[in-house]
There are 2 protein chains.
Amino acid sequence: MKHTVMERWDPDAMADFFKILGDKTRLRILMELLSGSLCVMHISERVGMSQSATSHQLAILRRADLVRVTRKGKTLVYAISDEHVRLLLDMAILHLGEEKE
Amino acid sequence: MKHTVMERWDPDAMADFFKILGDKTRLRILMELLSGSLCVMHISERVGMSQSATSHQLAILRRADLVRVTRKGKTLVYAISDEHVRLLLDMAILHLGEEKE
DNA sequence: TGCTCATATGAATAACGGTTCATATGAATG
DNA sequence: CATTCATATGAACCGTTATTCATATGAGCA
């Protein structure tokens, strides 16, 4: 059978989920975090955005459970919370890399 | 090695791609098409949108190579063009179905 | 070849989302 | 316990985008 987990799904929830991945800045943050955990300052440096903008985006990623926070002394360390993310991004890259036959 | 196809990627292109999936209407269209090909009228009936709105969204899906068109007599029949789509949606559902531990 | 029906397209409007700027919060350390 | 430093939050602004309405297109069929 082709339709495995497709039976029950919430279009709104799924749209919200993809919307979160549909932003350059958030994708760059995720990509940086895939290489290892980072604090907010370092993230904002790497993606070249202000501290505020970065924090706003991290809040969105946090709410979607895509990143996870832990405190390390005075700073907050962000990390990827879910391995599905890597798979999703892999699959998107595969799709984008394809020719139109 | 964890990072398979991650080395080279275009954040803009990927964001654009996810943006397309980040819309309730387009997701519903894709879901309907996963069960089989349909003409525009039938699609608009099933998703409960006007013919015009549906056509606009189909154009976007077409440009992203997520759907494919063929003519059948007087009508245009739309179909999923790529099996990656099903996998992507599956994975999103998996992520959404998880508890926050 | 001209009509018709399915679909596409354009302009306009309204809603949404990301960044900035200014400021609040609150844990850690002295 | 007060101060400081990292991070979060709120409001405002502006660009983007989905829908509607009106109309254009163009393939198929008489």
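Below, chain A is the first sequence line, B the second, and so on; all start at residue 1. Because only heavy atoms are used, hydrogens play no part in the values below, and waters and symmetry mates are left out as well, while side chains stay in.
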Exercise. Look at the side chain of B/Ser37 and the backbone N and O of B/Ala79, then say whether any donor-acceptor pair between them is shorter than 3.5 Å.
Key: no

Quiz item: What's the CG-C1' distance between B/Asp23 and D/dT19, to the nearest Å?
Solution: 11 Å

Exercise. Quick one: closest heavy-atom pair of A/Ala15 and B/Lys24, and the distance?
Key: CB-N, 3.5 Å

Quiz item: A/Asp12 CG to C/dC16 P: how many Å, rounded?
Solution: 12 Å

Quiz item: Going through the distances and angles, do B/Arg62 and B/Tyr78 end up as a side chain to side chain contact (heavy atoms under 4.5 Å, CB included)?
Solution: CA-CA 9 Å; B/Arg62 224 186 310 125; B/Tyr78 278 85; 3.2 Å; yes

Quiz prompt | Nearest-Å distance for atom pair CZ/P, residues A/Arg26 and C/dG18 | solution = 4 Å

Self-check item: Euclidean distance, atom CD1 of residue A/Ile43 to atom C1' of C/dT19 [Å, nearest integer]
Solution: 17 Å

Quiz item: Restricting to pairs with a member in residues 46-58 of chain B, which pass side-chain hydrogen bond (donor to acceptor under 3.5 Å, both in side chains), not counting sequence neighbours?
Solution: B/Arg26-B/Gln57, B/Glu32-B/Arg46

Quiz item: Counting just side-chain N and O atoms, does B/Thr25 come under 4.0 Å of either OP1 or OP2 of D/dT19?
Solution: yes

Self-check item: Where A/Leu61 and A/Ile20 come nearest, the two heavy atoms and their spacing
Solution: CD2-CG2, 3.8 Å

Quiz item: Roughly how far, to the nearest 0.5 Å, is the CD1 atom of A/Ile60 from the CG atom of A/Asp23?
Solution: 7.5 Å

Practice problem: Grab the CD1-P distance between A/Ile29 and C/dG18 for me, whole Å please. | Solution: 11 Å

Quiz item: What is the per-nucleotide protein-contact pattern of nucleotides 1-15 of chain C, from the 5' end, where B denotes a base atom under 4.0 Å from a protein heavy atom, S denotes such proximity for sugar-phosphate atoms only, and - denotes neither?
Solution: ----SSBBBB-----

Practice problem: Please report, rounded to the nearest Å, how far the P atom of C/dC16 is from the CD1 atom of A/Ile60. | Solution: 15 Å

